[in-house]
Amino acid sequence: MQEIYDFLKQCGTYYLATVEKDQPRVRPFGTINLFEGKLYIQTGKVKPVSKQMTANPKVELCAMNGDTWLRVAATAVEDDRVEARQNMLDNYPELQSMYSADDGNTQVFYLKDGEATFSSFTSEPKVIKF
């Protein structure tokens, strides 16, 4: 899990794919957190991405760093504990001007039943299941 987290953190921006009815939706994301041994992402409940993950929790993340890219397929599970939300905000203090752990909008999801694949043109893919 640490290797996946480190890669995404180093990239800074990754792309999150969700589904809205029969239409794929992809957008840049920047929050990735390792909390209690799980990968977490953050959004606001008012955003379409929140509604998409609630309706269909299957997501994919994709990021590239140098000649290596990472794809993560997983199920997003909301963690409604204030501790999980606060930990995310503690690790991303720049978000604290827009979100607070108890504002009713801040939402965090952890990724489960995941498969992360590190790929490049120069080596065999490396798969990590979690």
Side-chain angles (χ1 to χ4, degrees):
M1 196 65 71
Q2 187 70 45
E3 184 177 1
I4 301 165
Y5 168 78
D6 289 343
F7 187 91
L8 291 169
K9 191 75 172 169
Q10 187 175 25
C11 288
T13 299
Y14 60 90
Y15 295 86
L16 175 70
T18 58
V19 176
E20 184 175 55
K21 297 181 184 170
D22 67 343
Q23 181 64 46
R25 301 289 183 195
V26 180
R27 82 281 294 146
F29 252 59
T31 54
I32 192 72
N33 197 27
L34 193 56
F35 178 64
E36 297 179 343
K38 298 175 185 170
L39 285 175
Y40 276 76
I41 60 176
Q42 181 273 335
T43 191
K45 289 183 179 181
V46 298
K47 295 183 176 182
V49 67
S50 169
K51 293 166 184 53
Q52 293 157 10
M53 287 189 292
T54 300
N56 182 348
K58 293 186 181 217
V59 299
E60 286 204 9
L61 284 64
C62 186
M64 187 161 191
N65 190 4
D67 66 351
T68 302
W69 63 93
L70 171 65
R71 291 182 59 197
V72 178
T75 301
V77 178
E78 183 178 6
D79 186 339
D80 199 30
R81 295 177 299 153
V82 69
E83 298 86 1
R85 294 190 302 268
Q86 188 60 56
N87 187 269
M88 176 68 79
L89 295 173
D90 289 346
N91 283 284
Y92 287 91
E94 63 274 19
L95 293 177
Q96 293 178 18
S97 65
M98 299 178 288
Y99 296 100
S100 69
D102 60 357
D103 63 6
N105 181 41
T106 302
Q107 187 175 37
V108 294
F109 293 85
Y110 66 88
L111 304 180
K112 75 169 195 168
D113 302 328
E115 182 174 289
T117 305
F118 291 90
S119 301
S120 76
F121 292 117
T122 58
S123 61
E124 291 296 315
K126 178 181 179 181
V127 177
I128 300 172
K129 295 187 181 202
F130 61 92

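Quantities reported herein were computed from a predicted structural model and do not represent experimental measurements.
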Let me confirm one number: the CZ-CD distance from Arg27 to Gln52, rounded to the nearest 0.5 Å. 5.0 Å
Do Arg81 and Glu36 have side chains that approach each other closer than 4.5 Å (heavy atoms only, starting at C-beta)? yes
Hey, does the side chain of Gln96 reach the backbone of Leu89 with a donor-acceptor pair shorter than 3.5 angstrom? yes
Val26, Val49, Thr43, Val72 screened by side chain to side chain contact (heavy atoms under 4.5 Å, CB included) with Leu16, the one that passes: Val49
The reported gap from CZ in Phe109 to CG in Asp79 (rounded to nearest 0.5 angstrom) is 10.5 Å
For Arg85, is there an ion pair with Asp80 - N to carboxylate O distance below 4.0 angstrom? yes
Of all residues at least two apart in sequence or in a different chain, which pass the side-chain hydrogen bond (donor to acceptor under 3.5 Å, both in side chains) check with Asn105? none
Nearest-0.5 Å distance, CG of residue Leu8 to SG of residue Cys62: 9.5 Å
With the side chain counted from C-beta on, respond yes when Glu3 and Phe118 share a heavy-atom pair under 4.5 Å apart, and no when they do not. yes
Lys58, NZ atom: more than 12 neighbouring heavy atoms under 6.0 Å: no
Look at the side chain of Thr31 and the backbone N and O of Gln42, then say whether any donor-acceptor pair between them is shorter than 3.5 Å. yes
Has the side chain of Ser50 got a donor or acceptor atom that lies under 3.5 Å from a matching backbone atom of Val46? no
Check for me whether the distance between the ring centres of Phe121 and Trp69 falls short of 6.0 Å. yes
Output all residues satisfying side-chain contact (heavy atoms from CB on, under 4.5 Å) with Met1, sequence neighbours left out; order by chain, then residue number. Leu34, Leu39, Phe130
CG-CD1 distance between Asn33 and Ile41, expressed to the nearest 0.5 angstrom: 11.5 Å
Measure the shortest side-chain to side-chain distance between Tyr92 and Ile32 over non-hydrogen atoms and say whether it is less than 4.5 angstrom. yes
Nearest-0.5 Å distance, CG of residue Asp67 to OG of residue Ser119: 11.0 Å
Do the side chains of Phe7 and Thr68 get nearer than 4.5 Å, heavy atoms only? yes
A side-chain contact here means heavy atoms from C-beta on lying under 4.5 Å apart; do Gln107 and Met53 qualify? no
Is it true that, when you exclude Glu124 itself, more than 12 heavy atoms of the residues, nucleotides or ligands shown sit nearer than 6.0 Å to its CD? no
With rounding to the nearest 0.5 Å, note down the distance linking CZ in Arg71 to CG in Leu61. 11.0 Å
Could you walk me through whether Glu83 and Asn87 pass side-chain hydrogen bond (donor to acceptor under 3.5 Å, both in side chains), step by step? CA-CA 6 Å; Glu83 298 86 1; Asn87 187 269; over 6 Å; no
Donor-acceptor contact below 3.5 Å, side chain Tyr5 vs main chain Lys38: no
